[in-house]
Amino acid sequence: MSFAEALGLAVAYLALKAWQLHLLLRNLGAEADWRRLALAFAVGELALTLPFGLFAQNWVLARTGRAPFGETAAATVVMLLVEIVVVLVFLAVVGIRGWPVVRPAAIVAASALCVLMAFVLHFEPRRAGSRSASAGRCCTARSRRRSICSAA
Amino acid sequence: MRRLSHLHVLGVNVVIAGAYLAALALAVMAVGRHVGLERFGFLMAATTYAFALAVVFLTGGLVSQIGTVEVLGMSAAQAAFGISYAEGLTLMLAFRVVWTGTMWLCNLPIVALLWRA
């Protein structure tokens with residue numbers, strides 16, 4: 001493998017992953033400018049081999065801007081879950097000849113992960129702030145119908 | 001999190017993940033051919049590395065990838081394609097060196113340039 005080949009594939013790999021992170025952050029409304037994104041992504045990739053090193057990019061994003069760690073970590077979790085599902089689906093299709101158990105195990109694991117992903121993506125934790133916010137929304141909605149918020 | 005649950009968002013991410021994992025498999029294949037596995041194709045490379053990645057991912061990042069990926073890849077290559085443990089370990093270690101080197105080469109200058117800014 002020539003140096004140019006390795007570098008070309010690495011650049012393609014990194015560019016695609018960075019683009020994925022950018023798209024996910026944009027969907028979360030936590031879009032970072034290219035400098036912050038590049039720095040966070042580069043630190044994350046360097047720390048990738050460490051346990052929980054994947055979340056280094058979220059730490060950098062939180063330190064360099066106003067994006068809360070928990071919010072950008074959602075993007076990282078989705079990236080990871082999608083990557084695992086893609087790998088498991090590939091193994092479920094291709095299998096490993098000497099290990100026939102891999103294919104059904106991959107199908108079970110991929111299905112379980114899809115269920116987990118559906119749960120994680122639709123889970124909305126109750127927070128004190130959101131409770132008052134939702135109470136406000138509720139009050140506003142009720143006021144339209146029953147006018148019970150007029151005293152408040 | 002709900003904002004990420006739309007099908008088109010997940011669909012785009014599946015396509016991107018597939019593309020960058022294909023680039024990774026191409027790199028494994030290229031390293032395999034370079035270390036003397038002449039008939040080491042894309043499917044063989046993808047299967048070998050996918051198994052190692054799947055196990056490491058499913059442990060939730062609790063164990064370090066270093067060492068685990070190599071042993072798992074070596075075992076998968078032996079079970080799936082009859083590649084000897086020695087050749088499999090050579091492949092995985094060579095890939096680790098090449099890939100880690102290129103990752104550092106690409107990312108370290110970015111960190112060095114942007115850290116202070």
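By convention in this document, chain letters (A, B, ...) are assigned in the order of the sequence lines, proteins followed by strands, and residues within each chain are numbered from 1.
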How about B:Leu10 and A:Val78: do any of their side-chain heavy atoms sit closer than 4.5 Å? yes
From CD1 (B:Ile16) to CD (A:Glu83), nearest 0.5 Å: 12.0 Å
Examine whether an atom of A:Leu80 lies under 4.5 Å from a heavy atom of chain B, and if so say whether it belongs to the side chain, the backbone or both; otherwise answer neither. side chain
Going only through I, L, V, M, F, W and Y residues with side-chain contacts under 4.5 Å, is there a path from B:Leu108 to A:Leu39? yes
Is there a continuous path of hydrophobic side-chain contacts, each under 4.5 Å between heavy atoms, that joins B:Phe40 to B:Phe42? yes
Under the criterion side-chain contact (heavy atoms from CB on, under 4.5 Å), which of B:Thr102, B:Val98, B:Leu26, B:Val28 is the partner of A:Leu9? B:Leu26
So B:Asn13 and A:Leu23, do their side chains get closer than 4.5 Å, heavy atoms only? no
Would B:Tyr85 end up clustered with B:Leu93 when hydrophobic side chains under 4.5 Å apart are linked, directly or stepwise? yes
Side-chain contact, heavy-atom cut-off 4.5 Å: B:Leu43 with A:Phe90? yes
Rounded distance (nearest 0.5 Å) linking atom CG of A:Leu37 with atom CD1 of B:Ile110: 10.0 Å
Closest heavy-atom pair and its distance - B:Val111, A:Ala42: CG2-CB, 3.6 Å
How many angstroms lie between NZ in A:Lys17 and CG in B:Leu24, if you round to the nearest 0.5 Å? 8.5 Å
Closest heavy-atom pair, B:Ala76 versus A:Ile96, reported as atoms and distance to 0.1 Å, is CB-CD1, 4.0 Å
For residues B:Val14 and A:Val85, determine if any side-chain heavy atom of one lies less than 4.5 Å from a side-chain heavy atom of the other. no
Under 4.5 Å from any heavy atom of chain B, what part of A:Val43 do you find: side chain, backbone, both or neither? both
A:Leu91, part contacting chain B, at a heavy-atom distance under 4.5 Å: side chain
Can you tell which part of B:Val12 gets under 4.5 Å to a heavy atom of chain A, answering side chain, backbone, both or neither? side chain
Please find the pair of heavy atoms, one from A:Leu14 and one from B:Met103, that lie closest to each other, and give the distance. CD2-SD, 3.6 Å
Between B:Ser75, B:Gly82, B:Ala94, which shows the greatest number of heavy-atom pairs under 4.5 Å with chain A? B:Ser75
Let me check something: do B:Met74 and B:Phe57 share a hydrophobic cluster, defined by ILVMFWY side-chain heavy atoms less than 4.5 Å apart, either directly or through other members? no
Heavy-atom pairs under 4.5 Å with chain A, option from B:Pro109, B:Ala17, B:Gly18, B:Ala46 with the top count: B:Ala46
In the single-linkage hydrophobic clustering (I, L, V, M, F, W, Y; side-chain heavy atoms under 4.5 Å), do B:Phe51 and A:Val108 co-cluster? no
Non-hydrogen atoms of B:Tyr20 and A:Tyr13 that approach each other most closely: O-CD1, 3.3 Å
Non-hydrogen side-chain atoms of A:Arg36 and B:Leu114 separated by less than 4.5 Å: no
Which atoms form the tightest heavy-atom contact between A:Ala6 and B:Trp99, and what is the distance? O-CZ3, 4.4 Å
What part of A:Leu113 gets within 4.5 angstrom of chain B, counting heavy atoms only: side chain, backbone, both, or neither? side chain
Look at A:Leu54, A:Val86, A:Val11, A:Leu24 and state which one has the largest set of heavy-atom pairs under 4.5 Å with chain B. A:Leu24
